[in-house]
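Remember, it's 1-based here, ligands and their atoms both numbered in the order they're listed. These figures come from a predicted structure and were not determined experimentally.
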Amino acid sequence: MRELYLRARAKINLTLDVTGKREDGYHDVEMIMQTVNLYDELWIQRIYAPTIRLHSNLKWLPRDQRNLAYQAAQLMRDTYGFTDGVYIYLKKRIPVAAGLGGGSSDAAAVLVGLNKLFNLKITQEELMALGLQLGADVPYCILRGTALATGIGEKLTALAPMPRCWVVLAKPDIYISTAQVYGNLKLENIKKRPSTQQVIEAIQKGELEEVASGLYNVLETVTGKDYEVIGQIKKFLNKHGSLGSIMSGSGPTVFGIFNDKEKARYAARQLREQNMARQVFVTTIFNEER
Ligand code: ATP
């Protein structure tokens, strides 16, 4: 095999709780993660030249060691010592720096892809451990589906699949640094937390409305305070039929859960028309058969 096509899907956080701060500066988190069907596309090729080459439709995205997809290829080469090179074409569709884990998912796809392309026979556990060197969310992006993430996000428990639904994603046109959001979070100021266990039970029962009403992200207290548009989009989605809506990850993307495709599409169209967000998507959740 010399070439592979892969989809690197985005994630949303159904719940996000920060439970502590560690000595090394990382935060302990507890989050329910869900993969969605909005994806970047990757074409990965084995080449004879002993280099890593990366091209993308997004011209301003770094194409060198600063890109997580590049880093993933380099890590695989360094760890498993294959001499052939790798060419990656990355078609970005997931908004960048959005709280949707796009970079982590690209890295995960490269790890999984090179394992197949070079017939390395690395187990999923091993790939996930390797992925952790690239970022806390990379192991989850290898696992995918509905999962509980603890530790810094790397300790994963697969959950029953979330009930089927429609998801509207809206990324307002603002830039937010994940590091800054965590830096500005004062643990002692967290007044409300998600009921993670209750949401897990709602997922197990297949109760979409109960899942939607349990959506909660503690980071919204930081990002939402600085950017009114986040609260405005949430309100707008709820007014237009969403069963619940919150910010994903460290933001600024807001998502709403719908049980009706037409309502989801209408809400998305209205969001675009009213210029509340430039990047708006209607998608579904993704779960693999396990
Ligand atoms: P998270 O939710 O895990 O914090 P995010 O969705 O907020 O991630 P990304 O889209 O992964 O953020 O990008 C964050 C930063 O990483 C950007 O500033 C971008 O320049 C850099 N980056 C490196 N590689 C990639 C990639 N393949 N795709 C997108 N961004 C990348």
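- Shown in contact with Leu100 at under 4.0 Å from a heavy atom are these atoms of ligand 1, numbered in order with element: 2 (O), 6 (O).
- Considering only non-hydrogen protein atoms, atom 6 (O) of ligand 1 sits nearest to Gly101 N, 2.9 Å.
- Residue contacts with ligand 1: Leu90 is included, with a non-hydrogen atom under 4.0 Å away.
- Within the listing of ligand 1, atoms 26 (C), 27 (N), 28 (N) sit less than 4.0 angstrom from a heavy atom of Asp106.
- Ring planes of Phe82 and Phe118: parallel class, angle under 30° (limits at 30 and 60°).
- Using a 4.0 Å cutoff on heavy atoms, Gln71 does not count as a contact of ligand 1.
- Atom CZ of Arg63 has 12 or fewer neighbouring heavy atoms from other residues, nucleotides or ligands inside a 6.0 Å radius.
- Ranked by closest heavy atom to atom 31 (C) of ligand 1, the top entry among Ile12, Leu61, Asp40 is Leu61.
- The protein atom (non-hydrogen) at minimum distance from atom 30 (N) of ligand 1 is Val96 CG1, 3.7 Å.
- Scanning Ala97, Ala69, Pro95 for the heavy atom closest to atom 9 (P) of ligand 1 points to Ala97.
- Looking only at heavy atoms of the protein, atom 11 (O) of ligand 1 is closest to Gly103 N, 2.8 Å.
- The existence of a salt bridge linking Arg144 and Glu288 is confirmed by a sub-4.0 Å separation between a basic side-chain nitrogen and an acidic carboxylate oxygen.
- Classification of Arg93 and Asp40 as a salt-bridged pair fails, no side-chain N sitting under 4.0 Å from a carboxylate O.
- Of all protein heavy atoms, the one closest to atom 5 (P) of ligand 1 is Gly99 N, 3.6 Å.
- Those atoms of ligand 1 that come under 4.0 Å of a heavy atom in Gly102, given as number and element, are 6 (O), 11 (O).
- Near Asp137, meaning under 4.0 Å from one of its heavy atoms, ligand 1 places the atoms 3 (O).
- A 6.0 Å sphere centred on OH of Tyr5 holds more than 12 heavy atoms belonging to other residues, nucleotides or ligands.
- For atom 3 (O) of ligand 1, the nearest protein heavy atom is under 4.0 Å away.
- Remark: Arg193 is not positioned above the aromatic ring of Tyr216, lacking an NZ or CZ atom under 6.0 angstrom from the ring centre and at most 45 degrees off the axis.
- At the shortest separation from atom 16 (O) of ligand 1 among protein heavy atoms lies Leu68 CD1, 4.9 Å.
- Near Arg66, the atoms of ligand 1 lying under 4.0 angstrom from a non-hydrogen atom of the residue are 23 (C), 24 (N).
- The aromatic ring centroids of His55 and Tyr89 lie 6.0 Å or more from each other.
- A centroid separation of 6.0 Å or more is found between the aromatic rings of His240 and Phe258.
- Atom 29 (C) of ligand 1 has Lys92 NZ, 3.3 Å as its closest protein atom, hydrogens excluded (heavy atom only).
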